[in-house]
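This structure is a prediction, so every number in the text was calculated from the model and none was measured. Lettering follows sequence order; numbering is per chain, from 1.
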2 protein chains.
Amino acid sequence: MDRPPTMEDVARLAGVSRALVSIVYRDAPGASDATRTRVLAAGNDLGYRPDHRARLLGRTRTRLLGVTFDVRAPFHGDLVEVLYSAAEAAGYDLALSAVAPSRGESRAVQSLLDYRCEALILLGPQLSPSALSALAESQPVIVIGRKVRAAGVDVVRTDDKGGSRLAVEHLLSLGHRAILHIDGAKFPGSAERRTGYRAAMRHAGLSPFIQPGGRTEADGSDAAKTFLNDSPPVTAVTLFNDRAATGFLDTIRQSSLEIPRDLSVVGYDNSTIAALSHISLTTVAQNTTALANQTIAIAQTRLTDPNATTAAVVIPPTLVLRSTTAPPRSAGCTG
Amino acid sequence: MDRPPTMEDVARLAGVSRALVSIVYRDAPGASDATRTRVLAAGNDLGYRPDHRARLLGRTRTRLLGVTFDVRAPFHGDLVEVLYSAAEAAGYDLALSAVAPSRGESRAVQSLLDYRCEALILLGPQLSPSALSALAESQPVIVIGRKVRAAGVDVVRTDDKGGSRLAVEHLLSLGHRAILHIDGAKFPGSAERRTGYRAAMRHAGLSPFIQPGGRTEADGSDAAKTFLNDSPPVTAVTLFNDRAATGFLDTIRQSSLEIPRDLSVVGYDNSTIAALSHISLTTVAQNTTALANQTIAIAQTRLTDPNATTAAVVIPPTLVLRSTTAPPRSAGCTG
DNA sequence: AACTACTACTAGAGCGCTCTAGTCACGAGC
DNA sequence: GCTCGTGACTAGAGCGCTCTAGTAGTAGTT
């Protein structure tokens with residue numbers, strides 16, 4: 001349980017200088033194959049691992065990207081995973097800092113700065129545009145999943161308007177005409193998804209029909225109760241996200257309506273819950289891999305090219321077909 | 001966008017030595033109040049923040065605790081949050097390393113070791129006891145939420161046996177006699193929960209009745225189908241966790257059975273989903289705050305007292321009453 | 001006046017690396 | 001035989017801090 005071995009220890013055991021050990025461990029040119037294996041053997045013997053902090057101290061570039069994420073958002077978890085792979089491929093390391101009710105976002109950001117991250121990647125941040133701009137003055141700041149306009153801040157997000165359009169077009173192709181949208185109130189993305197729905201309906205010559213909703217299962221369930229009570233003449237519903245859709249489905253399934261026979265339902269996010277066999281929700285999937293890759297790419301150009309301009313990348317979503325959508329009953333009779 | 005200011009810059013601006021700046025920023029004795037404010041003012045002017053890595057390099061103690069967690073487990077998210085507060089209170093910093101399908105556990109651990117964390121906190125690790133023991137040779141290793149016996153490894157977990165007992169006793173007190181347990185197959189905690197159920201039933205002079213299950217919503221839903229098909233003569237069900245219980249409820253509610261009138265259901269974990277109004281699941285809650293505090297406390301004694309013995313702390317869970325449990329119909333008639 | 005005691009400060013080494021500027025040996029080229 | 005180039009290696013400074021040892025300067029004691 002004594003302190004971990006240092007480069008000095010390895011050098012002594014292998015009978016070489018510290019610099020040579022450094023060369024070997026960095027895979028840099030300047031050492032013969034024979035010594036290379038000898039040094040590595042010595043290192044292995046001692047269980048040596050280079051001290052990451054010391055290594056970084058000397059270099060100007062830390063190759064460290066700081067990421068803040070919400071510990072409670074499953075979608076952030078998915079993103080973090082793909083960010084790891086994307087960062088690794090580009091030769092960067094990731095430092096994670098969690099945001100939680102008891103740990104504010106600026107707190108999370110500060111701790112990342114203390115570790116001298118070269119760039120900040122913020123997942124769905126709540127910080128004000130001005131706060132974001134202030135941060136962007138000292139290092140690149142990339143926001144994922146929120147449509148913000150802040151000077152010097154790069155944004156990578158899903159085309160939510162297009163996502164809603166996908167959902168509506170899918171329902172139209174099945175023969176639906178009366179399509180309701182249950183929105184996500186004031187939450188990030190809600191406005192775009194609502195707009196996309198409205199535009200797609202208008203484009204098809206139909207009138208949009210919007211019911212207020214929310215983002216949780218409970219909101220979806222409440223919306224279902226209102227829906228059952230009002231029983232509007234619609235054959236399909238698109239919802240703000242999968243969580244709301246799940247709550248909606250749960251309540252609808254307890255009524256006399258059968259899904260998808262009497263009502264088609266489309267969610268948004270393609271969260272793990274949507275894929276579960278007993279839910280099997282048709283939904284709009286965000287392309288997390290593309291989001292992550294674009295983010296790392298932006299970070300990289302920002303860090304290498306000092307006069308790169310602010311980027312705003314929009315990733316197209318895709319539709320995932322499952323079993324909550326089908327042609328409307330009337331269409332089935334007529335067709 | 002130039003490199004961040006160093007202690008040297010602050011010292012020059014304030015007209016003092018680097019050492020004095022260090023003293024001021026560490027809040028160490030040895031500086032007059034006048035210089036203290038002067039130095040801090042200079043630091044503020046330059047936007048100075050001490051470089052965390054450099055600071056740690058010189059010290060033997062890094063006061064850094066490494067945490068591995070599963071990015072997809074909501075319960076881990078809750079734990080990480082409370083760990084942050086507990087660590088901060090004890091003067092420690094947390095380094096997070098995510099475990100995901102594409103990023104194995106040993107990988108996550110290695111990256112923490114590269115940052116010279118003083119101790120490793122592993123949330124529900126899948127590593128073998130021998131791998132854990134090997135890790136524990138170079139620094140303290142504390143496992144949360146998994147009952148493992150590995151030399152030198154500390155364990156902090158919830159009393160799952162007691163948790164199951166709580167669930168059963170609650171149902172007994174409502175008047176249930178025929179109680180089924182749907183287990184969690186081979187997943188961590190399943191064995192203890194099953195044993196606890198069995199013991200509580202035997203203690204009440206009743207014969208245990210166990211149906212195989214799993215840990216996901218889909219598993220719960222499947223179990224419900226089997227249940228409806230077999231229609232065993234039971235009035236209450238306890239499940240491995242909330243996710244399975246949710247799937248179970250979802251499917252049961254589509255049948256003619258009404259909950260809790262015809263069947264009482266108890267989950268496990270008190271996850272956020274259990275609290276949602278349309279689910280409102282009676283469940284066994286793990287005390288995350290206690291788990292986190294105990295973990296940090298153990299880390300601290302391990303790091304300060306070289307001959308501390310291996311700790312195994314078991315935290316009692318509590319029962320959260322919601323609306324999926326009620327007296328059995330027969331009891332209602334007889335009582 | 002000489003001693004200690006204390007406060008306020010500084011010089012400089014050291015943490016574990018990387019990197020520049022060497023040294024040294026050896027063979028090729030003229 | 002001399003330079004020159006090259007591959008293999010080393011010395012030592014430096015990254016941004018902390019910490020030990022030490023220096024002034026002031027005040028209190030006898």
* To do: Answer yes or no: are there more than 12 heavy-atom neighbours, outside R103(A) itself, under 6.0 Å from its atom CZ?
  => yes

* Structure fact -> The correct set of residues in residues 7-16 of chain B placing a heavy atom under 4.0 Å from DNA chain C is V16(B)

* **Where A31(A) and L20(A) come nearest, the two heavy atoms and their spacing** => CB-CD2, 3.7 Å

* Mind telling me whether Y25(B) and Y48(B) have parallel, tilted or perpendicular rings, with 30° and 60° as the class edges? => perpendicular

* Show your reasoning for whether side-chain hydrogen bond (donor to acceptor under 3.5 Å, both in side chains) applies to R61(B) and Y92(B). => CA-CA 10 Å; R61(B) 304 273 326 255; Y92(B) 285 90; 2.8 Å; yes

* Asked: Under a 4.0 Å heavy-atom cut-off, which of residues 23-36 of chain B touch DNA chain D?
  -> R26(B)

* To do: Starting from the 5' end of DNA chain C, give me the residue, G58(B) or S17(B), whose nearest nucleotide shows up first.
  => S17(B)

* Between which nucleotides of DNA chain C, read 5' to 3', does contact with chain A run, using atoms under 4.0 Å from its heavy atoms? -> dG16(C) to dC19(C)

* When we call it a touch if two heavy atoms are under 4.0 Å apart, what does R18(A) touch: a base, just sugar-phosphate, or nothing? -> base

* Per the end-axis method with five pairs at each terminus, what is the bend angle of the helix from dT4(C)-dA27(D) to dC30(C)-dG1(D), to 10°? -> 60°

* Side-chain donor-acceptor pair under 3.5 Å between R26(B) and S22(B), yes or no? -> yes

* To do: Identify the two heavy atoms, one from A86(A) and one from I296(A), that lie closest to each other, and give their separation to 0.1 Å.
  => CB-CG1, 3.5 Å

* Asked: Is it the case that D269(A) and Q286(A) place a side-chain donor and acceptor less than 3.5 Å from each other?
  -> yes

* Structure fact -> Between R59(B) and L20(B), the residue closer to the 5' end of DNA chain C by nearest nucleotide is L20(B)

* Yes or no on side-chain hydrogen bond (donor to acceptor under 3.5 Å, both in side chains) for T35(A) and S32(A), after CA distance, side-chain angles and deciding distance? -> CA-CA 6 Å; T35(A) 25; S32(A) 67; 2.6 Å; yes

* Asked: For S102(A), what residues pass the side chain to side chain contact (heavy atoms under 4.5 Å, CB included) criterion, not counting sequence neighbours?
  -> E81(B), S85(B)

* **Cationic N near anionic O, under 4.0 Å, R63(B) to D93(B)** => no

* Name all pairs fulfilling the side-chain hydrogen bond (donor to acceptor under 3.5 Å, both in side chains) condition that reach into residues 146-155 of chain B, sequence neighbours left out, sorted by first residue then second. => D154(B)-R302(B)

